[in-house]
Novice: 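Take this structure first; my questions come after.
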Amino acid sequence: MADSNHLPSPTPSLEDCIRHRHSIRFYTSDPVAQDLLYESVSLARLAPSNSNIQNWRLTLASDSARDRIVSALQKASQANPPTIAPLPEQFKHFRSEFGHLLYGEQGYNIPRSAKEAHRAATMRNYEFFGAPVVGVITMDASLTTVDAMSVGMFVQTFMLALTERGLGSCLEVSVTGYLEVLREGFGIGEGQTILCGIAVGWPAEGNRVNEMVVPREEVESVVTMLRD
Ligand SMILES: Cc1cc2nc3c(=O)[nH]c(=O)nc-3n(C[C@H](O)[C@H](O)[C@H](O)COP(=O)(O)O)c2cc1C
């Protein structure tokens, strides 16, 4: 079950970090010390992987590198719609429910009729929600689904380590709608598959969108227990 967004301090448990990690979509402009990022990656690389191939790669950008990438993404997103694989039909209701939450009263609070405000909020994806550290998560292009599992474990561990340090993050498939811009901006060659973007920074306190609690399915829907 998702929980509130406030991390008990000063020594949160693993369970606290799991419960209190939420996607953060408003950041302060405060820089993030490299040490905190390296500590978090150092923990994340302890994630398991198939034959210990450790096939996760994370490319992060801050300062002028970040600004350069954000400018290129904003330019591309103003010129052309993103190219992203559509969700299969049976999952679309989740997106629609999440969209109501994000743009509704608990989130951005933008009326359905306010098309321009809606668009502006969506376009915030392409500035990584104002995060001072932006990134892409990649893996070797010769690998397949099972290896993407390992990358997922790396990423969740990374985000939990960030949470423990008071930092916020948001994964962003949206930016992969402009793959060529990401390749150019982050210097990612064709030998790597870009799986997702990520925003990292200090959460803006008291922001309603950051406080949103996104529901989860019941345990019984997730696990099947066979006994005979
Ligand atoms: C692979 C992946 C891609 C995501 N892409 C986006 C995105 O492009 N934009 C966005 O606002 N949130 C994105 N999210 C965040 C999800 O909307 C969020 O994880 C989900 O609604 C659950 O909310 P929570 O992270 O606050 O618990 C993504 C999450 C994952 C795991």
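Note that the coordinates shown come from a computational prediction; the quantities given were computed from them, not determined experimentally. When a ligand or atom number is given, it counts from 1 through the structure's own listing order.
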Novice: Which bit of V214 is near ligand 1, meaning a heavy atom under 4.0 Å away: side chain, backbone, both or neither?
Specialist: side chain
Novice: Show which atoms of ligand 1 fall inside a sub-4.0 Å distance from at least one heavy-atom site of R21.
Specialist: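 Atoms satisfying the 4.0 Å criterion: 24 (P), 25 (O), 27 (O).
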Novice: Measure from atom 17 (O) of ligand 1 to every heavy atom in E172, R95, R25 and give the option owning the shortest one.
Specialist: R25
Novice: Say whether R216 and ligand 1 are in contact under the criterion: heavy-atom distance to a ligand atom below 4.0 Å.
Specialist: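 Per 4.0 Å heavy-atom rule, R216 contacts ligand 1.
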Novice: Check each atom of ligand 1 against the heavy atoms of F98 and keep those under 4.0 Å away; list them by number with element.
Specialist: 17 (O), 21 (O)
Novice: Working note: D67 + S64, criterion side-chain hydrogen bond (donor to acceptor under 3.5 Å, both in side chains); need CA distance, chi angles, decisive distance, verdict.
Specialist: CA-CA 5 Å; D67 295 345; S64 57; over 6 Å; no
Novice: State, yes or no, whether a side-chain contact exists between R57 and Q192 at a heavy-atom distance under 4.5 Å.
Specialist: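 Yes. Closest side-chain heavy atoms under 4.5 Å.
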Novice: Looking only at atom types and distance, does a side-chain atom of N50 sit under 3.5 Å from a main-chain N or O of S150, one as donor and one as acceptor?
Specialist: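 No; zero donor-acceptor contacts below 3.5 Å.
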Novice: If we only count N/O pairs under 3.5 Å, is V173 in contact with ligand 1?
Specialist: yes
Novice: Between N125 and ligand 1, which part of the residue brings a heavy atom under 4.0 Å of the ligand: side chain, backbone, both or neither?
Specialist: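 Near ligand 1, N125 shows its side chain, while the N, CA, C and O stay back.
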Novice: Mind jotting down which residue pairs meet the ring pair (Phe, Tyr, Trp, His ring centres under 6.0 Å) criterion with at least one end in residues 122-152? Sequence neighbours excluded, please.
Specialist: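 Those involving residues 122-152 are Y126-Y178.
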Novice: Taking atom CG of D35 and atom OG of S42, what is their separation to the nearest 0.5 Å?
Specialist: 11.5 Å
Novice: Quick check on M212 - does any of its heavy atoms sit under 4.0 Å from an atom of ligand 1?
Specialist: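 So M212 does not count as touching ligand 1.
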Novice: Give a yes/no verdict on a cation-pi contact between R124 and F26, requiring under 6.0 Å between NZ or CZ and the six-membered ring centre and an angle within 45° of the axis.
Specialist: yes
